[in-house]
There are 2 protein chains.
Amino acid sequence: MAEQERNSLMINALSKSLALLRAFGDGHAVLGITELVRLTGIEKSSVQRILATLHSEGMLIRDNKTRRYRLSNKWLHMAYAHYIADPLSSQVMPRLFDLQQQLGQALNLAEICDTSIMYTLRLPVKRTSFEGTLTGRTHPALNTSGGRAILSTWGPTRWQHAAQTWPLGQYTPRTTQDRGRIAELIAKAHEDGYAISEQEVLLNEIGIGIPIKSPGGEARAAIHCSVSLSSWTIDQARAELVPVLLDTARTFFVPEYEDIDESAVE
Amino acid sequence: MAEQERNSLMINALSKSLALLRAFGDGHAVLGITELVRLTGIEKSSVQRILATLHSEGMLIRDNKTRRYRLSNKWLHMAYAHYIADPLSSQVMPRLFDLQQQLGQALNLAEICDTSIMYTLRLPVKRTSFEGTLTGRTHPALNTSGGRAILSTWGPTRWQHAAQTWPLGQYTPRTTQDRGRIAELIAKAHEDGYAISEQEVLLNEIGIGIPIKSPGGEARAAIHCSVSLSSWTIDQARAELVPVLLDTARTFFVPEYEDIDESAVE
DNA sequence: CCCGTATGTATCGTATTGCGATACTTTAGA
DNA sequence: TCTAAAGTATCGCAATACGATACATACGGG
């Protein structure tokens with residue numbers, strides 16, 4: 001929010017277009033003009049022009065019956081290009097694959113993305129829900145073991161602040177809503193070197209988050225392991241899975257973030 | 001190309017930005033200003049502005065050392081939103097998963113995207129290359145079994161035209177360069193109801209492409225199965241894999257394309 | 001080590017271009 | 001059939017993005 005206007009070389013039309021595109025991500029995947037006006041607050045005429053442009057460029061599919069739009073598969077190209085250029089994914093992928101063979105559990109790479117956790121690599125084990133296999137899914141960082149694991153490396157000041165201000169979701173009856181409790185859990189994760197959560201996002205699911213630290217000790221990503229409460233207890237998971245996961249996470253080399261970092265505060 | 005300008009409600013800045021973004025996809029995943037100017041032909045000042053905007057929106061990561069940019073993981077959000085809204089992927093995924101359990105072979109969903117094939121769902125079997133696990137990868141349609149399978153449903157006129165004009169790559173010594181031969185292979189696929197290719201994209205690989213037809217009989221997508229020549233012969237694959245794959249592909253319901261279709265001819 | 005070139009950054013006046021108001025057309029539901 | 005809501009088209013204005021140019025910084029060879 002803060003530093004939008006300082007650079008006078010910002011293209012307004014492009015900013016708006018991105019805002020509009022993001023609207024498709026936030027739960028509403030199929031949208032018409034008026035809905036977009038409501039969601040984004042952009043003028044109808046502008047929405048009209050942006051949609052026309054994106055559509056004519058093949059980036060949007062239009063349902064001629066309902067006159068509503070959805071994102072085309074051309075966007076997968078951007079995702080692909082991201083992965084190719086991303087030093088972390090290419091490094092983590094093969095190790096994650098081996099780990100999955102060894103442990104037989106669902107594994108993800110989770111990255112911090114503003115105040116959310118995004119699953120960027122996914123290796124499911126059995127037939128899960130379709131959504132469960134897709135990369136790009138996000139959850140509020142505070143709700144997830146991965147998010148707490150990452151925050152636990154940022155130092156008490158920053159994680160306290162995050163625990164108090166970052167958004168929270170409500171997924172199951174057992175999703176922790178108590179921000180003080182969350183701060184405690186992060187502190188615990190700081191001591192342990194990893195975070196465990198129980199049924200906070202999905203019922204019957206234990207989440208294990210292991211931070212992937214840069215040389216400076218801060219993490220922007222985590223290995224996330226998801227196991228079922230019907231086959232595992234928390235203690236079993238701690239004893240059998242955590243050590244292996246910690247071993248793996250330690251071996252990654254993550255360069256320091258010289259870039260914006262933008263700290264996602266306020 | 002043809003119908004760019006007829007609509008006067010096209011936003012120039014946005015079109016340019018998309019062109020610039022696409023440059024990251026085409027093999028060059030990390031780019032500086034000057035390189036982008038070369039690749040896209042856009043004025044340096046414009047490139048500068050677009051990059052500044054995208055960067056400040058968090059869509060690009062900048063390496064402060066080399067001053068070059070790459071796509072951030074925010075784009076995965078767009079990919080995610082695409083999948084959520086796409087009726088085909090969500091339909092195919094579970095069936096593909098079952099198939100993979102049954103056959104134990106690498107399976108993909110391949111979709112036509114202009115003159116290319118894009119792998120939009122991937123279920124690899126063993127530790128393959130990183131790229132081999134990523135969705136959004138494209139190859140010239142003419143080079144792949146999936147592309148030929150799809151074209152074989154479009155009728156002789158259109159597939160002849162495609163065979164003569166669509167781009168061709170050269171991946172292995174055995175990649176067919178003869179456009180006449182490719183037209184023949186498509187015709188063969190039309191008779192058989194599927195396409196098989198041998199070592200045209202990857203050495204030691206047999207590709208099997210099964211069209212997923214809409215009620216009208218035309219396909220925009222294909223199931224693609226990749227098997228190793230060290231364990232299989234072409235005849236074995238035809239006998240053991242193809243029937244099962246055909247059975248599966250037949251059961252999908254793909255709505256007709258009322259949308260642009262844009263036929264990628266010109 | 002210094003210089004020359006190539007690349008990235010900042011500035012600025014102008015006319016182009018995207019803006020938003022409004023009027024028109026189509027759809028869907030009562 | 002009518003009405004309200006959603007989508008589409010038009011148009012004049014001025015704000016905005018444009019591109020030329022000048023300035024700064026990085027890189028690499030002699």
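Reminder, nothing fancy here: chain letters follow the sequence lines and each chain counts from 1.
- Note that the CG atom of Leu14(A) and the CG atom of Leu54(B) stand 5.0 Å from one another [nearest 0.5 Å].
- Considering only heavy atoms from C-beta on, Thr144(B) stays 4.5 Å or farther from His224(B) through its side chain.
- dT25(D) atom P lies 15 Å from atom CG of Asn64(B), rounded to whole Å.
- Atom CD1 of Ile33(B) is separated from atom P of dT25(D) by 15 Å (rounded to the nearest Å).
- Taking CG from Leu151(B) and CG from Leu142(B), the interatomic distance works out to 6.5 Å, rounded to the nearest 0.5 Å.
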At under 4.0 Å between heavy atoms, how does the protein contact nucleotides 14-26 of chain C? Give one character per nucleotide, 5' to 3', with B, S or -. ----SBBB----S
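- Every pair passing salt bridge (charged side-chain N to carboxylate O under 4.0 Å, His left out) that includes a residue from residues 134-143 of chain A is listed here, sequence neighbours excluded: Glu131(A)-Arg137(A).
- In this structure, the side chain of Thr175(B) engages the main chain of Tyr171(B) through a donor-acceptor pair within 3.5 Å.
- Counting any heavy atom pair closer than 4.0 Å across all strands shown, Arg68(A) reaches no nucleic acid atom.
- What separates CZ of Arg62(B) from C1' of dT7(C) is a distance of 12 Å, to the nearest Å.
- Proximity of Leu51(B) to Leu36(B): side-chain heavy atoms (C-beta onward) are separated by under 4.5 Å at one or more points.
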